[in-house]
Amino acid sequence: MAIKTYVQAITEATVEEMERDPAVFTMGEDLRKSVYGATAGLVERFGEDRVIDTPLSENGFFGAALGASLCGMRPIVETVTSFLWVGMDQLISQGSKMRYMFGGQAELPVTFRIRMFYARGAAAHHSDRNYPTFMNTPGLKVICPSNAYDAKGLMKTAVRDNDVCMIFEDGIAISSRMEIPDNADLPGGELLVPFGVANTLQTGSDVTIVGVAGGVQHALDAAKVLAAEGISAEVIDPRTLVPLDTETILKSVAKTGRLVVVDPAHKSCSAASEIAAIVAQEGFWDLQAPIQVVASEQVNVPYSPALEPLIYPTPDKVLAAVRLVLD
Amino acid sequence: MALDKQQLEEMYRRMCRIRYFEEAVIEIHSSGELIGPAHPYIGEEAVAVGACAALEDTDRIAGNHRSHGHPIAKGGDVKGAMAEILGKTGGFCKGKGGSMHLADFSIGILGESGIVASSVPIATGAALASKLGKQGFVSLVFFGDGASNQGACHESMNMAALWDLPVIFMCENNGYAITTSYKNSVSVDHVSDRASAYGMPGVLVDGQDAIAVWEATNEAVRRARAGEGPTLIEAMTYRYEDHSLGLDRIIKSNYREESEVEEARTRDPLPIHRKAMISHGFATEAECDDIEAAVHIEIEEAVEFARNSPFPEPGDLFDDMWATPV
Ligand SMILES: Cc1ncc(C[n+]2csc(CCOP(=O)(O)OP(=O)(O)O)c2C)c(N)n1
Ligand SMILES: [Mg+2]
């Protein structure tokens with residue numbers, strides 16, 4: 001057991017997977033100098049052929065990763081949410097569709113590691129929380145680890161998966177720390193977290209709070225305040241949005257009768273609105289109050305420190321939503 | 001056409017403005033008053049100033065993430081720029097855009113983009129509007145060596161050459177894209193070598209020499225106004241500071257030799273321009289000193305203005321989302 005940060009957990013997962021399988025390599029901008037922190041030491045260990053610094057050409061290298069994956073390689077691509085837009089053609093027109101269009105002939109084992117910065121004064125061009133866009137695009141697996149343990153376990157699963165996996169690394173969670181078991185202490189000798197299995201972080205009976213990515217911490221913070229008031233909240237982290245573990249969420253709502261979903265994405269067509277729609281459709285008769293969504297305001301991210309904090313979910317907004325559903 | 005005393009002095013004034021402005025931003029950032037990223041332009045002043053000196057007020061420019069210098073070179077008000085960087089209502093964009101998005105449309109600054117190379121098509125479109133509407137203005141876009149590798153850049157250059165658009169592609173080659181040397185990311189010796197593939201002139205120029213940049217831009221402007229089409233200029237320059245303020249990890253990484261930085265500092269564009277003016281008899285030491293002193297005061301006033309400018313109110317959050325509110 002050792003305490004590790006989220007970023008260290010990602011580095012560990014990368015090293016373990018590169019050691020295990022020579023087909024795994026990593027590419028992206030400024031990896032060798034580890035500008036975003038998670039690729040430190042990789043080039044020294046694995047050499048320049050397996051740790052590739054690309055030119056500033058997202059559409060080009062996203063596509064090159066997909067092409068390499070068709071021919072036996074398993075690329076890990078590092079980028080940032082806002083730079084995904086530049087590579088959308090390759091991601092969507094090719095990555096999400098090739099396997100299906102070619103009648104299942106294409107295997108696309110590419111893992112995109114996507115740093116999701118926001119709430120740090122970087123304005124609208126560097127603050128995208130765009131995972132819902134990719135939920136709306138059939139053919140991509142969408143993964144949102146909220147803590148270091150899941151970051152490691154989900155990433156290792158992604159690298160072994162034969163579909164295009166997009167891991168969104170929440171900037172609010174990346175400096176968080178937690179205990180990560182040593183491989184020797186794990187059954188099977190390594191940490192693998194399966195896709196499509198939600199994590200119930202806290203059981204409760206009065207209200208279900210589902211948190212997505214950085215929203216999980218807000219849910220936990222709110223739950224602590226509620227506990228002091230004698231309100232028992234069940235906190236669920238779906239961990240992967242595609243595939244989504246609807247069963248765990250529906251079972252919880254069947255028990256509590258109330259649902260609040262916390263999602264840092266913009267609220268229209270968000271992960272939260274998808275989860276709310278599923279529960280409204282499939283869990284309607286269990287609900288005792290309308291579902292509440294706590295997501296970002298439907299406005300571009302303003303630069304000014306006087307405005308930016310107003311748009312995101314906060315523990316206080318979660319508390320207010322819980323009070324509404326309990327009213 | 002040659003530059004006269006007044007133009008040369010104005011160029012020096014604007015270079016000093018950029019330098020002292022950036023020094024003030026660094027100081028403000030290190031005090032914690034600013035949290036977001038900001039990319040200092042120190043060392044590259046001659047590119048923006050040389051280029052803009054060849055433009056008229058009605059001409060358009062667009063920039064990138066390292067774009068405090070571009071609007072100042074175009075004649076932008078330092079008060080509005082500084083207030084924007086502090087996220088205040090007195091800023092160019094009322095605090096909505098910040099350091100990477102300074103824009104003042106009233107003097108032809110179409111704005112900056114934090115997404116690398118994404119202003120290049122915008123400037124190309126501005127040139128298209130100029131041509132279609134017979135508006136007579138020229139459009140110039142500043143972008144980096146790193147940006148030159150984006151598809152958007154190549155696509156724009158092809159369209160501009162194909163349609164003879166009045167656009168100038170001003171590549172600021174400062175040697176690096178964050179930590180990646182351009183030698184490891186551009187397949188030819190020089191970005192300007194690519195121009196021939198599009199069928200436009202490619203000009204390599206010393207980006208530390210504002211007069212040389214002006215000369216190259218002036219010829220490109222002449223071509224553009226005459227309907228002869230675009231030009232790709234590559235100005236060789238150097239970024240003296242770290243890629244971005246607030247990224248200590250990058251600062252400490254050894255992607256460039258300290259000796260290389262020291263060597264580049266010996267070719268500082270401010271003293272180069274100052275010496276050129278004095279040695280050719282356009283200005284005296286005392287006149288240059290006066291310019292510097294006056295600009296120092298201007299920048300102090302800009303900081304004071306920015307600090308005193310009010311922050312936006314919560315009620316301003318949704319303003320400016322739509323032309324016709326939904
Ligand atoms: C599409 C996109 N990819 C990556 C980045 C991150 N990034 C910001 S600046 C930069 C380097 C840009 O290099 P260059 O174009 O040479 O400009 P310079 O910073 O040297 O002035 C990178 C990679 C970004 N902002 N946008
Ligand atoms: Mg550069």
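Labels below follow one simple rule: chain letters A, B, ... track the order of the sequence lines, proteins then strands, and each chain is numbered from 1.
- Within the 4.5 angstrom heavy-atom criterion, no atom of B:Ala152 approaches chain A.
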*Just do the salt bridge (charged side-chain N to carboxylate O under 4.0 Å, His left out) check on B:Glu33 and B:Arg307 with the steps written out, would you?*
CA-CA 10 Å; B:Glu33 203 173 330; B:Arg307 287 204 167 116; 2.8 Å; yes

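- Both the backbone and the side chain of A:Glu58 have a heavy atom closer than 4.5 Å to some heavy atom of chain B.
- When heavy atoms are compared at a cutoff of 4.5 Å, A:Val80 does not approach chain B at all.
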_Working note: A:His125 + B:Glu112, criterion side chain to side chain donor-acceptor pair (under 3.5 Å); need CA distance, chi angles, decisive distance, verdict._
CA-CA 10 Å; A:His125 272 184; B:Glu112 278 88 47; over 6 Å; no

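- In terms of heavy-atom pairs under 4.5 Å with chain B, the best-connected choice from A:Ala123, A:Ser57, A:Ala124, A:Pro302 is A:Ser57.
- Side-chain contact check for A:Tyr303 versus A:Glu308: every heavy-atom pair is 4.5 Å or farther apart.
- Note that A:Arg120 lies outside the cation-pi zone of A:Tyr118, set by a 6.0 Å cut-off to the ring centre and a 45° limit from the axis.
- Proximity to chain A involves both the backbone and the side chain of B:Ser113, based on heavy atoms less than 4.5 angstrom apart.
- Of all the listed residues (B:Gly151, B:Ser118, B:Ala177, B:Gly97), the one sharing the greatest number of non-hydrogen pairs under 4.5 Å with chain A is B:Gly97.
- With ring centers used as reference points, A:Phe117 lies 6.0 Å or more from A:His126.
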*Hey, mind stepping through A:Glu297 and A:Lys267 against salt bridge (charged side-chain N to carboxylate O under 4.0 Å, His left out) and telling me if it holds?*
CA-CA 6 Å; A:Glu297 298 295 341; A:Lys267 64 175 112 176; 3.6 Å; yes

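- Interface residue B:Leu86: only backbone heavy atoms are found under 4.5 Å from chain A.
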